[in-house]
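Presented below is the structure to which this report refers.
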Amino acid sequence: MSLNPYEIAKDFPILSRTIRDGKKLVYLDSGATSQKPNVVIEAESNFYRMHNAAAHRGAHQLAEEATDALENARAIVAEFLNAEVDEVVFTKSATESLNLISYAMGNAEPGNRFHLKAGDSIVVSEMEHHANLIPWQQLAARTGATLKWFEVTAEGRLDLSSIDSMIDATTKVVALTHQSNVLGTINPLTEIVKRAHNVGAVVVLDACQSVPHMKVDVKSLGIDFLAFSGHKTVGPTGVGIFWGRAELLKDLPPFLTGGSMIENVTMTSATWAGAPRKFEAGVPNMAQAVGLGAAFTYLNKVGMENIHAHEVSLTALLLNEIQDIPEVKIVGPLDMNLRGGTVSFTVGEIHPHDLGQYLDSQGIAVRTGHHCAWPLTRKLGVPATTRASLYLYNTPEEIHALVSGIRDAQKYFG
Amino acid sequence: MSLNPYEIAKDFPILSRTIRDGKKLVYLDSGATSQKPNVVIEAESNFYRMHNAAAHRGAHQLAEEATDALENARAIVAEFLNAEVDEVVFTKSATESLNLISYAMGNAEPGNRFHLKAGDSIVVSEMEHHANLIPWQQLAARTGATLKWFEVTAEGRLDLSSIDSMIDATTKVVALTHQSNVLGTINPLTEIVKRAHNVGAVVVLDACQSVPHMKVDVKSLGIDFLAFSGHKTVGPTGVGIFWGRAELLKDLPPFLTGGSMIENVTMTSATWAGAPRKFEAGVPNMAQAVGLGAAFTYLNKVGMENIHAHEVSLTALLLNEIQDIPEVKIVGPLDMNLRGGTVSFTVGEIHPHDLGQYLDSQGIAVRTGHHCAWPLTRKLGVPATTRASLYLYNTPEEIHALVSGIRDAQKYFG
Amino acid sequence: MMQLDNLYQEVILDHYKNPQNKKLVLEYDAQVHHINPSCGDEITLNVSLDGQSIRNISWDGVGCSISQASVSILTDLLIGKTMEQAQEISDSFMHLMQSKGTEKGDENVLEDAVALAGVSQYPARIKCALLGWMAFKDASVQALAKK
Amino acid sequence: MMQLDNLYQEVILDHYKNPQNKKLVLEYDAQVHHINPSCGDEITLNVSLDGQSIRNISWDGVGCSISQASVSILTDLLIGKTMEQAQEISDSFMHLMQSKGTEKGDENVLEDAVALAGVSQYPARIKCALLGWMAFKDASVQALAKK
Ligand SMILES: Cc1ncc(COP(=O)(O)O)c(C=O)c1O
Ligand SMILES: Cc1ncc(COP(=O)(O)O)c(C=O)c1O
């Protein structure tokens, strides 16, 4: 079975709107945020129209229904990731999830397995999004631990040649992106996870760019924590996921404190509920969690294998056609081996901002700049790039539109 | 001009649904979360259907529209609070807002005006919601500062008799609820703000239960920081507000770190954008912010004075009728002086859980328990209370329904 | 009269008004204190064993009719049973609570506790019904460990 | 041809291809380095004063056609002017940028800079056009403070 993107696109109302002077929208910025199908939009609306109440906080019928809706969404997410239900924590975004784990580690007292101190090290990579870099810089600064990082090769791959000295007995945490939001590179995890666990470190995976696009099975990956945002995976804004292995969540101190995450509270002290409640202070983002559940139900129906296959074929087409354009230089892998549907490039002397603006005038939405991965952009030796990022609703025609658009821009600015 | 709650109720689709065996819903749990009018639900949906893209992150038309929508919502919130636009920070909830300020203070280095150390003190009150208590307990524990608190009198008022010793030269922050979510008490701020500023402390106001119900003008209150949740003010779930005075936000270190809150980033360090960007890491909860803008536009149209007057008259009715029921004991002020539409009570030996369940069987939704203010509940000498909390869509008939419901419960369990 | 009567069966209200073994006896092998964090209900429960048999269970606490009746019924049911029998009864009760109203409970095993079957239709109340059972489980494990 | 031509006027593309004063002179009263955090564009800008007059402005940097042309035009416009005149011109330019396409700009004051009027219709590009102007403002304040 395969996927018909023309049929899929009909599920996404925004894709039938026009841009600028009546141009059809060609949305190639799903790496920044994905569009939403009707079923997701309606799941959120229906929650408000029918079941809205404070989940886990009341004995009345609406509160029961709201609790059911929230917990049902949690079960859907858990199944999607092959995780246990109580391991799934609703946050507002990947950014919050990554701050959660880094602040929570910062809250760990001496004796707690997550406690960090001078002499310990944290390992990241040069291709991290700011959201998986700055929180670790801050944690290192707060605890005295050292921040180390894997470099990126000229081909846009992780340089793992030094893995044994990079991840060593001092390493407490390895935080890594699953798929680069600039290069499209998918990082090989087996060796890294094995090495990390050998030295007693935990592995935190930034799955923002993988969960929406391919089957991510937390158990078979063997990782310890995972973070992603709902809005990139055809879900609502304002919801993200933090996942952690049950036995680790038990020891991890809480991050946000307040209502519903407690066991007992006095004026001077508080004790905590078990996971996931411990990490979900306050009235939850219920409508958004429900919308995320609907998003995964939708993706399951289309089939993650179909989505992945569709993106692989579109990306191969794009890589093939774009390289025929004179002066185009792709940053990131040129072949489809361990790579996803994110393609960043430069076009001669045309500044990405100008290229993006030209494409926009043709209805084509791409992203330009450093894509919140400024150290990587610097390492690549460019001030900025233009990025096309694909998803299930994109079509071969849209790839052709992008390629023609680039050629026309060359004439326009030429 | 006054408010017609029967007309208002038509704007809220959930209010026409039925409960249990076809009973009409009588929603008296707005203190936990409010219901949403169609205009709010549709504002969120329309954002997804028409304008969804990553705000502040792209030069294409959708990104421009998303940015406009988000910033327009910020301007609406600012005007509602009589604040400056750049002072308004979107968070996911009041809980996040209160964690933001307490963690950010914890991040302040020596020399920064927000730095806390042993010998400093933090002042809260006995009537705080866990969300405005535990974060300060944690900050005190992390920094060595001392946590102190105003007690609550038998009438459910703040005991300010010791204000000069409570707020003294050691005090760095006074964090207080504007209106108690249990007692309905509205705290008088003038004296407290004056005293706090005299000793150089900042005042953080938990406005969760005031912003939805009355005009809150941050300038005339003279406070320094304010927090509330969108979902209690006819807005969406998953969005809250953190407000701070511009000159203070300048010095306050960031809390969540990641994309879009930076000025410059290298592998080893980062510098920050100005407020509000500095406090909004990651792709924002755009649809929810837009929904919150629509919520305030709706409330403005009804008129905050009308809403307040309506709630005052309903509350007076409720206080009057409920006190005629034998064995009912109200916790909190018995008169309408400085009190809002939240009424908590006990009914003889009937446990609040059982009372709540009975009322639910009649379609009446109230909250039972400690309402996330456990230290207050203990202080009041009760294991739990039943709480009715009113809003603009409630009617005198619903007050009568509650009163009859309580009388019937007494027969049922009698 | 109505659906609510499924929840508040006569037996439950009787136990609520006349709770069994609600007076902490001073001799015990283990004492635990459990709290229901969402409503503030609390229970202190003492267990004493006699080899593998439950010699006595006594308790004190505050809570709603469901939580009070449930622990009262528990003491009636479990005192004098072996730990193995107690485990079976607990499992059966747990199963009943998770049945969402689809089961009535086996009266031969659960006796008066079948009156709590209606609770399974009110998800927010299940933890009320389980408060005493969780406390017993915790206390009995501690008591066994001590021996 | 199309709406986009409002943005990319001939004058702008000319300045982009032949930027004026794009070579840092070594003598200056103040040097600043500004960054556009959202796209990574950077500029280094030197200012030297002669009493209340602007003796020279020179710069180097990377950026899009809008940011490069804007600073190039700025140098043409402001070199030789008094600080007071520069302030007026800057205010007028700022006003134009915020006009959302409703104004054309006063050619007597802004000269070539009116070619940037189209930018005001593209909110995300306004900060490109302002990068050089912000840098100049910062540098001139520093240069004045030094005297
Ligand atoms: C007074 C008060 N403060 C704080 C909160 C926390 O709000 P939220 O749970 O929406 O973060 C609430 C409501 O739950 C409240 O009533
Ligand atoms: C790889 C990666 N990590 C983290 C993030 C941060 O996600 P968000 O901004 O939704 O919190 C993003 C997207 O912006 C991303 O692409």
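Chain letters run A, B, ... following the sequence lines, proteins first, then strands; residues in each count from 1.
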With no hydrogens and no angle check, is any side-chain donor or acceptor of [X] less than 3.5 Å from a backbone partner on [Y]?
X         : Y         : value
Asn99(B)  : Thr257(A) : yes
Arg378(A) : Thr266(B) : no
Tyr103(A) : Phe255(B) : yes
Asp360(A) : Gln61(B)  : yes

Top contributor to chain B interface from [options] [non-hydrogen pairs under 4.5 Å]:
options                                   : value
His130(A), His353(A), His371(A)           : His130(A)
Gly369(A), Ser102(A), Pro13(A)            : Pro13(A)
Val239(A), Ile41(A), Asn285(A), Leu376(A) : Ile41(A)

Contacting region of [X] [heavy-atom separation from chain A under 4.5 Å]:
X         : result
Asp29(B)  : side chain
Pro236(B) : both
Leu15(B)  : neither
Leu133(B) : side chain
Val124(B) : side chain
Phe12(B)  : neither
Gln137(B) : side chain
Asn264(B) : both
Gln357(B) : side chain
Ser125(B) : backbone
Leu25(B)  : side chain
Arg49(B)  : both
His51(B)  : both

Measuring heavy-atom distances to chain B, does [X] have an atom under 4.5 Å in its side chain, in its backbone, in both, or in neither?
X         : value
Ile262(A) : side chain
Glu64(A)  : side chain
Leu147(A) : side chain
Gln35(A)  : both

Worksheet item: Do the charged groups of Glu65(A) and Arg20(B) touch, with an N to O distance under 4.0 Å?
Response: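 So Glu65(A) does not pair with Arg20(B) through a salt bridge.
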At what distance, to the nearest 0.5 angstrom, does [atom1] of [X] lie from [atom2] of [Y]?
X         : Y         : atom1 : atom2 : value
Ser269(B) : Ile134(A) : OG    : CD1   : 9.5 Å
Trp374(A) : Met267(B) : CH2   : CE    : 15.0 Å
Met286(B) : Thr33(A)  : CE    : OG1   : 5.0 Å
Thr268(A) : Trp149(B) : OG1   : CH2   : 5.5 Å
His231(A) : Asn52(B)  : NE2   : CG    : 9.5 Å
His60(A)  : Ile19(B)  : NE2   : CD1   : 8.5 Å

Worksheet item: Is the closest side-chain heavy-atom distance between Leu256(B) and Gln138(A) below 4.5 Å?
Response: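 They are not in side-chain contact.
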Worksheet item: So Cys372(A) and Arg57(B), side-chain contact (heavy atoms from CB on, under 4.5 Å) or not? Walk me through it.
Response: CA-CA 9 Å; Cys372(A) 298; Arg57(B) 290 196 181 188; 3.7 Å; yes
Item to complete: Output, in order, the C-alpha distance, side-chain angles, deciding distance and verdict of side-chain contact (heavy atoms from CB on, under 4.5 Å) for Glu280(A) and Thr95(B).
Response: CA-CA 10 Å; Glu280(A) 290 181 354; Thr95(B) 299; over 6 Å; no
Practice prompt. Step by step, work out the side-chain contact (heavy atoms from CB on, under 4.5 Å) result for Ile14(B) and Leu62(A).
Written response: CA-CA 10 Å; Ile14(B) 205 172; Leu62(A) 286 182; 4.1 Å; yes
Worksheet entry | From CA spacing to verdict: side-chain contact (heavy atoms from CB on, under 4.5 Å), Arg142(A), Asn107(B) | CA-CA 8 Å; Arg142(A) 274 197 295 274; Asn107(B) 287 342; 3.6 Å; yes
Discussion item. Set out, in order, the CA-CA distance, both residues' side-chain angles and the distance that settles side-chain hydrogen bond (donor to acceptor under 3.5 Å, both in side chains) for Tyr48(B) and Glu44(A), then state yes or no.
Written reply: CA-CA 11 Å; Tyr48(B) 294 132; Glu44(A) 229 185 307; 3.1 Å; yes
